[in-house]
Each structure stands twice: as C-alpha cells, then as structure tokens.
Amino acid sequence: MQKIELLAPAGNLEKAKTAIRYGADAVYIGGKQFSLRSRDSNFSLADIQELTDFAHRHGSKVHVTVNILPHNEDLEGLKEYLLALEEAQIDAIIVASPYIMKLAKSLPVSYQVHVSTQHSSTNSASVRFWQKEGMDRVVLGRECTLEEIEAIAQHSTLPLEVFIHGGMCIAYSGRCVLSNHLTMRDANRGGCAQSCRWKYHLMDQEQEVSDPDDLFSMSSKDLQAIPYVQKLIELGIASLKIEGRMKSAYYLATVVNSYRRLIDTIYEKGSVSAEEMKAIEKEIRKAENRQTGPGFLNGIPDDSVQLYRDHDEIVTQEYVADVIGYDPITKTAKLLVRNYFQPHSVLEIFGPKIISTPVKIEEVFDEEETLLEVCNKPMEIVYTKWDGPIEIGAMVRKIKE
C-alpha cells in the first residue's frame with residue numbers, strides 16, 4: 001500500500017522549501033495567474049521552476065492551483081500558462097473550472113489534474129463523474145463528515161484528498177458571496193475579503209440585539225484533525241491536506257512536522273499511544289493563533305465549533321531564531337534573530353530531525369563580538385554557546401506553558 005501523502009501550502013519559495021524540509025511529501029502553490037489567493041505573494045514561472053527542482057531533489061512534489069472560476073475576460077493566456085507549467089515540470093494542477101480541466105487534459109502535458117474543493121464534492125457519485133471525465137484526483141469538500149468520507153472511499157477508485165488542518169469557511173467552501181456583496185471582491189476569483197470575520201452590529205429592525213462591546217461575527221474555528229488521521233490512513237485516502245498559503249514559515253514547520261511525526265508513527269507502530277497523541281497535539285498548539293475544532297468530521301458542527309465572539313487572531317512571539325551555522329569544535333551556534341529573546345534563558349529547538357528540546361543558552365554576541373543584553377533586532381546574526389541537539393535550518397522558540 002502506498003504511503004499517504006502529506007500536502008502542505010506555501011505562499012513563497014522560503015515557505016515551500018521549509019515545508020519540504022520539515023516533512024511535506026508535496027506542496028501546493030499559486031501562480032501569478034488563475035489562482036484563488038490573489039493577495040498572496042504567489043509564484044512566477046521562474047519561481048515554480050526553482051521550486052520543482054528543489055522539491056524533486058528532496059523526493060517531494062509540486063501542485064499548482066489553477067482554481068479560479070473564470071469569467072470570459074479571465075481566460076486570456078490560459079493555454080500558454082498550462083503549457084508553461086509543463087515546462088516547469090510540476091506534478092499536478094488543482095482546478096475548479098470544468099473548462100480548464102478539459103483544456104489541460106487536451107494538451108500534451110504529463111502533470112495530473114485534481115478537482116478542487118471548490119466543487120464541494122461530497123458524495124461518491126460526484127467522484128465517479130470526475131473519474132469518467134478523466135480527472136486524476138478529487139479534493140473532497142471540507143463539509144464531509146468522517147462517516148461520509150468512509151462511504152465515499154468505499155465506493156470510489158479515484159484517489160481522494162482530505163483537508164486535515166487550517167481555516168474553515170463559514171459557508172460551503174467557495175459558495176459564499178458575502179465578500180462580493182460587501183466589497184465587490186469576488187471570492188471565486190481570488191478576492192475574498194473574509195467578511196465573515198468582521199465584527200457586526202446585529203440588528204432586529206431598529207433595535208440592536210448584539211452587545212455593542214462584544215460584537216457579532218460568523219467565523220468558524222480552524223480545523224485540527226490529529227485524532228482522525230489514523231482512520232483516514234486506514235480508509236486509503238491518498239492525501240492529507242493542510243490549509244494556509246498565507247501562513248508563516250514557522251507555522252508551516254511546526255504543523256507539517258507534527259503531522260509528519262504522527263503519520264510516520266502510525267506506519268511504524270500501527271497506532272499512536274495516548275501519550276504520543278497528547279505530545280503531538282501540544283506541539284501543534286505552539287503554532288496556532290486561533291481556536292480549533294473537528295470541523296465537520298464529527299458531524300454537522302454546532303455552535304461550539306463557531307467563533308461568534310472572541311475570534312481575533314493572536315500573534316504569538318514564540319519563534320525567536322533560525323539556526324544558520326554551527327561550529328562543533330567550539331560548540332558555538334550561529335543564529336538569525338527573528339523575534340525578541342534574552343541571553344541566559346532556556347529556549348527550545350526543533351527541526352526536521354530534532355524533536356522539541358529545551359536548551360539553556362548563556363552569553364550571546366553579535367558579529368563584532370559585542371556582548372548583548374537583549375536580542376531584539378530581526379535578521380541580526382548572533383552567536384552563543386550551544387550544549388544540546390542542533391541542526392542547520394532548525395528553529396528556536398521561547399518555552400511557554
């Protein structure tokens with residue numbers, strides 16, 4: 001049986017390479033055209049080529065989103081773009097428009113065509129339809145329960161992809177027109193303003209029924225599916241997908257590496273102990289900035305899975321440095337400062353091959369060998385004695401209870 005794929009998002013080259021280093025079997029990215037994340041930095045064709053070269057050297061794959069639902073004026077240059085992606089040697093495109101799907105299949109390209117979650121495929125009949133149309137994989141709607149995913153998997157032979165982590169849409173994914181109505185930004189053409197997360201005065205005629213000091217919103221808790229991964233593996237799901245092309249490299253490293261450890265443990269041992277599960281959940285919480293829940297996996301969500309109030313994202317400052325060098329003779333680490341931290345403190349290192357480990361650091365010096373009282377200049381290079389596990393490319397963070 002082929003091992004399940006761990007698929008991670010990436011908004012730029014740094015994030016994509018980080019996701020791959022920290023355990024992603026594949027990454028999905030958006031190009032400069034025909035992608036739903038128009039606000040993200042996105043990838044030029046040269047960037048895509050550089051990423052596919054890097055990914056393939058590391059045994060990983062690259063999927064490119066071509067998931068816009070186009071109007072006539074959006075189609076210019078589409079054929080040329082699809083052929084250029086073939087030149088870049090990508091592995092798959094993720095598509096919402098049936099026209100783009102059929103066009104890609106008519107061209108001399110070797111990459112796969114995956115049906116986007118924008119289609120809200122939530123039953124096995126839909127999957128069989130896409131199989132007859134020649135598609136290679138279906139990304140199931142995030143609105144499927146675990147019971148429904150099992151039924152679809154039992155009656156489908158087309159590979160299936162399932163979301164396991166990240167943001168959830170308050171409506172059926174991709175079907176909301178709130179952003180269009182309030183801002184003239186089309187969610188299906190890459191412009192969603194996330195109007196559901198705004199704060200509203202809730203009115204009944206002329207009377208306000210919301211608390212003016214605690215306004216109403218319609219945000220969902222983020223999805224976190226760690227307890228369901230083993231079942232999804234047993235069902236033969238082809239790919240487990242993390243959401244978040246707008247997320248930071250630190251977020252991706254933490255989340256991807258946590259799911260990597262979980263998946264590998266399941267394949268190695270056949271199951272995960274309660275203690276191991278608790279440790280992985282604790283690790284993944286170090287990158288979360290919103291409350292999480294099971295999404296639709298347990299059934300239709302009730303109000304406990306929504307964030308009608310107290311929904312603001314909290315920016316954490318745990319991530320403080322990258323390891324960019326190490327002298328094993330002097331046991332000196334070379335760090336790139338990312339956020340504020342103090343010398344003479346206990347920090348935590350984690351990396352692609354290092355589980356989270358506390359390390360006590362003492363004095364810290366800059367490149368002029370000046371002793372520092374505090375490290376608070378982002379992108380400054382500093383040096384400190386390091387007595388513990390270390391790995392180039394690892395990340396360092398504060399320890400928070």
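Both backbone and side-chain heavy atoms feed into the values below; hydrogens, waters and symmetry mates do not.
The side-chain heavy atoms of Val64 and Ile94, taken from C-beta on, include no pair separated by under 4.5 Å. Contact of the Arg261 side chain with the Ile355 side chain is registered, since non-hydrogen atoms from C-beta on lie closer than 4.5 Å. Residues Asn376 and Tyr340 meet the side-chain proximity criterion, which asks for heavy atoms closer than 4.5 Å. Two residues are said to be in side-chain contact when any heavy atoms from C-beta on lie closer than 4.5 Å; Leu371 and Phe365 meet this criterion. Here the side chains of Leu13 and Glu50 are in contact, with some heavy-atom distance below 4.5 Å. A 4.5 Å side-chain heavy-atom check between Val95 and Val115 finds every atom pair outside the cut-off. Between Thr384 and Trp386, the closest side-chain pair of non-hydrogen atoms falls below 4.5 Å. Here the side chains of Asn12 and Ile29 are not in contact, with every heavy-atom distance at 4.5 Å or above.
The CD1 atom of Ile93 sits 7.5 Å away from the CD1 atom of Ile100 when rounded to the nearest 0.5 Å. The distance from atom CD of Glu147 to atom CG of Leu297, rounded to the nearest 0.5 Å, is 12.0 Å. Rounding to the nearest 0.5 angstrom, the gap separating the OG1 atom in Thr332 from the OH atom in Tyr383 is 9.5 Å. In this structure, Ile324 CD1 and Ile392 CD1 are separated by 8.5 Å, a value rounded to the nearest 0.5 Å. Summarising the geometry, atom CD1 belonging to Ile284 is positioned 8.5 Å from atom CG belonging to Leu262; distances are rounded to the nearest 0.5 Å. Expressed to the nearest 0.5 Å, how far CD1 of Ile263 lies from OG of Ser258 amounts to 11.0 Å.
Other residues, nucleotides and ligands contribute more than 12 heavy atoms inside 6.0 Å of the CD atom of Glu367. Environment of CD in Gln154: crowded, with over 12 heavy atoms of neighbouring residues, nucleotides or ligands closer than 6.0 Å. Heavy-atom contacts from other residues, nucleotides or ligands closer than 6.0 Å to NE2 of His155 number 12 or fewer. Environment of NZ in Lys105: crowded, with over 12 heavy atoms of neighbouring residues, nucleotides or ligands closer than 6.0 Å. Around the CD atom of Glu133, the shell of radius 6.0 Å holds more than 12 heavy atoms that belong to other residues, nucleotides or ligands. Taking a 6.0 Å sphere around NE2 of His181, one finds it holds 12 or fewer heavy atoms contributed by other residues, nucleotides or ligands. Summarising the local packing, CG of Asp387 is surrounded by 12 or fewer heavy atoms from other residues, nucleotides or ligands at distances under 6.0 Å.
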Between Leu336 and Met379, is the side-chain contact (heavy atoms from CB on, under 4.5 Å) condition met? List the steps. CA-CA 6 Å; Leu336 182 66; Met379 307 309 290; 3.7 Å; yes
Just do the side-chain contact (heavy atoms from CB on, under 4.5 Å) check on Ile226 and His165 with the steps written out, would you? CA-CA 8 Å; Ile226 285 175; His165 200 89; 5.8 Å; no
Could you check Leu7 against His63 for side-chain contact (heavy atoms from CB on, under 4.5 Å), going step by step and ending with a plain yes or no? CA-CA 9 Å; Leu7 176 60; His63 303 177; 3.8 Å; yes
Just do the salt bridge (charged side-chain N to carboxylate O under 4.0 Å, His left out) check on Lys231 and Glu150 with the steps written out, would you? CA-CA 9 Å; Lys231 180 64 174 180; Glu150 181 172 10; 3.6 Å; yes
Going through the checks in order, is the side-chain contact (heavy atoms from CB on, under 4.5 Å) test met by Ser121 and Val139? CA-CA 7 Å; Ser121 297; Val139 186; over 6 Å; no
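The residues Lys269 and Glu276 are annotated as salt-bridged, a charged nitrogen and a carboxylate oxygen being separated by less than 4.0 angstrom. A salt bridge links Glu5 with Arg137; the closest basic N to acidic carboxylate O contact falls under 4.0 Å. The pair Glu362-Lys360 meets the salt-bridge criterion, since a charged nitrogen lies less than 4.0 angstrom from a carboxylate oxygen. Look at Arg285 and Glu318 and you find no salt bridge, because none of the NZ, NE, NH1 or NH2 atoms lies under 4.0 Å from a carboxylate O.
With hydrogens and angles disregarded, a donor-acceptor distance shorter than 3.5 Å links the side chain of Lys221 to the backbone of Ser304. Checked by atom type and distance alone, the side chain of Ser97 never pairs as donor or acceptor with a backbone atom of Leu69 at under 3.5 Å. Under a 3.5 Å cut-off, the side chain of Tyr259 and the backbone N or O of Ile164 do form a donor-acceptor pair. Looking at Thr183, its side chain does come within 3.5 Å of a backbone N or O of Ser179 through a donor-acceptor pair. With Asn257 contributing its side chain and Tyr22 its backbone, the two residues share a donor-acceptor pair below 3.5 Å. At least one donor-acceptor pair closer than 3.5 Å links the side chain of Asp136 to the backbone N or O of Val113. Checking side-chain atoms of Gln207 against main-chain N and O of Asp204 turns up no donor-acceptor pair under 3.5 Å. The backbone N or O of Leu307 lies less than 3.5 Å from no partner atom in the side chain of Ser219, so there is not a single donor-acceptor pair. Of the possible donor and acceptor atoms, none in the side chain of Ser124 sits under 3.5 Å from a partner among the backbone N and O of Ser156. In this structure a side-chain-to-backbone donor-acceptor pair under 3.5 Å is present from Lys15 to Lys247.
Cation-pi geometry between Arg338 and Tyr319 is not met at under 6.0 angstrom from the ring centre and within 45 degrees of the axis.
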Can you give the donor-acceptor pairs under 3.5 Å from side chains of residues 346-354 to other protein atoms, not counting sequence neighbours?
| from | atom 1 | to | atom 2 | distance (Å) |
| --- | --- | --- | --- | --- |
| Glu348 | OE1 | Lys286 | NZ | 2.9 |
| Glu348 | OE1 | Arg397 | NE | 2.8 |
| Glu348 | OE1 | Arg397 | NH2 | 3.4 |
| Glu348 | OE2 | Lys286 | NZ | 3.2 |

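Among residues two or more places apart in sequence or in another chain, the ring pair (Phe, Tyr, Trp, His ring centres under 6.0 Å) test is passed with Phe296 by none.
Judged purely by distance below 3.5 Å, without hydrogens or angles, the side chains of Thr157 and Gln131 pair a donor atom with an acceptor atom. With no hydrogens or angles considered, a side-chain donor-acceptor pair links Ser356 and Glu283 at under 3.5 Å. No hydrogens or angles considered: a donor-acceptor pair under 3.5 Å links the side chains of Asn298 and Tyr228.
The side-chain hydrogen bond (donor to acceptor under 3.5 Å, both in side chains) test with Asp25 is passed by exactly one of Lys61, Lys3, Arg260: Arg260.
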